[in-house]
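What follows is one structure encoded as structure tokens, with my remarks underneath.
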Amino acid sequence: MVNLELSERISQSSASSAPTASVDGDANWYAVWTRSHSEQLVADQLMAKGFDVFLPRISIWSRRGGIRHVIQVPMFSGYLFLHETVDKNTYIEVHKARGVVRILGERWDHLSQISDPEIEGLQQAVEAKLDIMPYPYLHEGQRVRITGGPLKGVEGFLVQSKLKKGLLVLSVDLLQRSVAVQIDCTYVVPA
């Protein structure tokens, strides 16, 4: 019963933190870096100050006291998203929130923006209540290691990455020759 109540509170909190359309067309998305396990604390403080905050959550399995159960955790541990027009006063107000490390960027007037389509994709996935799971950030040409299946432990270069299938290139540098093999990308992590 306690787990259900906690899940409902977290779900309500996540739903209330979903961003709304900004009246100001100059507002941009920014990533706010928080202290460990302080994402919800920071989100609550910023929302109380009237900031437009998005803290997406995912469900994962956890084992506590020998019992497995599903818990809600931030989609991106240590980060939440802020949709605002940031001037110096806004920057200072955000940094006053307990648990904030910083807004990502060089300094207050050169912050790193996140594109609207990237955030909109996350919002749509959360609203659709799809099963979302963490996945390593991979790009084509990156050296990777296979974590399961018949190629477990093999390292190579990811040349092509599609929904679940990828193309892994294995090379013999001395011979200057390579071969390619199709792989299941769910078993791929950065090397």
Side-chain angles (χ1 to χ4, degrees), residues 1-21 29-84 94 97-104 114-139 142 144-154 158 161-166 183-191:
M1 187 63 169
V2 174
N3 286 342
L4 287 174
E5 291 172 4
L6 179 62
S7 292
E8 288 175 10
R9 274 196 332 212
I10 290 172
S11 295
Q12 290 169 353
S13 170
S14 294
S16 67
S17 65
T20 56
W29 285 103
Y30 302 98
V32 178
W33 180 19
T34 69
R35 291 199 172 116
S36 181
H37 305 291
S38 297
E39 301 89 352
Q40 190 63 55
L41 171 70
V42 172
D44 291 343
Q45 292 174 74
L46 295 179
M47 285 188 293
K49 292 180 179 185
F51 289 113
D52 187 2
V53 174
F54 178 47
L55 177 57
R57 295 186 162 277
I58 59 173
S59 298
I60 63 166
W61 284 99
S62 176
R63 182 180 300 271
R64 298 224 172 106
I67 301 171
R68 282 183 42 154
H69 55 277
V70 176
I71 61 170
Q72 295 282 316
V73 297
M75 188 180 289
F76 301 105
S77 179
Y79 296 95
L80 58 92
F81 303 103
L82 176 70
H83 190 228
E84 293 293 329
V94 169
R98 192 165 43 104
V100 169
V101 175
R102 68 185 180 105
I103 303 173
L104 297 187
I114 301 171
S115 72
D116 288 342
E118 288 177 320
I119 296 294
E120 289 165 3
L122 294 174
Q123 290 171 328
Q124 285 180 313
V126 169
E127 289 169 9
K129 296 184 186 329
L130 298 173
D131 288 333
I132 302 171
M133 62 183 158
Y135 196 77
Y137 181 73
L138 301 171
H139 58 84
Q142 180 176 1
V144 296
R145 182 173 33 86
I146 309 301
T147 61
L151 296 177
K152 183 177 181 177
V154 171
L158 186 66
S161 178
K162 293 187 178 175
L163 185 56
K164 281 195 174 183
K165 290 184 179 181
I183 55 166
D184 181 348
C185 282
T186 59
Y187 293 130
V188 176
V189 296

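If you read the sequence from its start, that first residue is 1, and numbering goes on from there.
Here the side chains of Pro74 and Leu55 are in contact, with some heavy-atom distance below 4.5 Å. In this structure, the side chains of Arg63 and His69 stay at 4.5 Å or more apart for every pair of heavy atoms. No side-chain heavy atom of Ile114 sits under 4.5 Å from any side-chain heavy atom of Tyr30. For the pair Trp33 and Ile103, the minimum side-chain heavy-atom distance is 4.5 Å or more. At least one side-chain heavy atom of Val73 sits less than 4.5 Å from a side-chain heavy atom of Ile58. Between Phe81 and Leu122 there is a side-chain heavy-atom pair separated by less than 4.5 Å.
Under the rule for a side chain to side chain donor-acceptor pair (under 3.5 Å), Ser36 has no partner lying at least two apart in sequence or in another chain.
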Discussion item. With side-chain contact (heavy atoms from CB on, under 4.5 Å) as the criterion, how do Ile183 and Leu158 come out once you've worked through the C-alpha distance, each side chain's angles and the decisive distance to 0.1 Å?
Written reply: CA-CA 10 Å; Ile183 55 166; Leu158 186 66; 4.3 Å; yes
Item to complete: Evaluate the criterion side-chain contact (heavy atoms from CB on, under 4.5 Å) for residue pair Val126 and Met75; output intermediate values, then yes/no.
Response: CA-CA 10 Å; Val126 169; Met75 188 180 289; 3.8 Å; yes
Discussion item. Working note: Val144 + Val189, criterion side-chain contact (heavy atoms from CB on, under 4.5 Å); need CA distance, chi angles, decisive distance, verdict.
Written reply: CA-CA 6 Å; Val144 296; Val189 296; over 6 Å; no
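Taken to the nearest 0.5 Å, the CD atom of Gln40 stands 6.0 Å off from the CE atom of Met47. Of the inter-residue distances, the one linking Phe51 atom CZ with His83 atom NE2 reads 13.5 Å to the nearest 0.5 angstrom. One finds the CZ atom of Arg98 at 10.5 Å from the CG atom of Asp44 (value rounded to the nearest 0.5 Å). Between the CZ atom of Arg145 and the CG atom of Leu151 there is a distance of 13.5 Å, given to the nearest 0.5 Å. Put simply, OG on Ser62 and CD on Gln72 are 12.0 Å apart, with the number rounded to the nearest 0.5 Å. Taking CG of Leu46 as the reference point, atom CG of Leu80 lies at 6.5 Å (rounded to 0.5 Å).
Both tests pass for Arg68 against the ring of Trp61: distance under 6.0 Å to the centre and angle within 45° of the axis.
Judged purely by atom type and a 3.5 angstrom limit, Glu39 uses its side chain to pair as donor or acceptor with the backbone of Gly78. Using modelled atom types, one side-chain atom of Glu84 and one backbone atom of Asp52 make a donor-acceptor pair closer than 3.5 Å. Proximity of a side-chain donor or acceptor of Thr147 to a complementary backbone N or O of Val188 within less than 3.5 Å is not detected.
When all heavy atoms of Val70 and Ser59 are compared, the closest pair comes out as CG1-CB, 3.5 Å.
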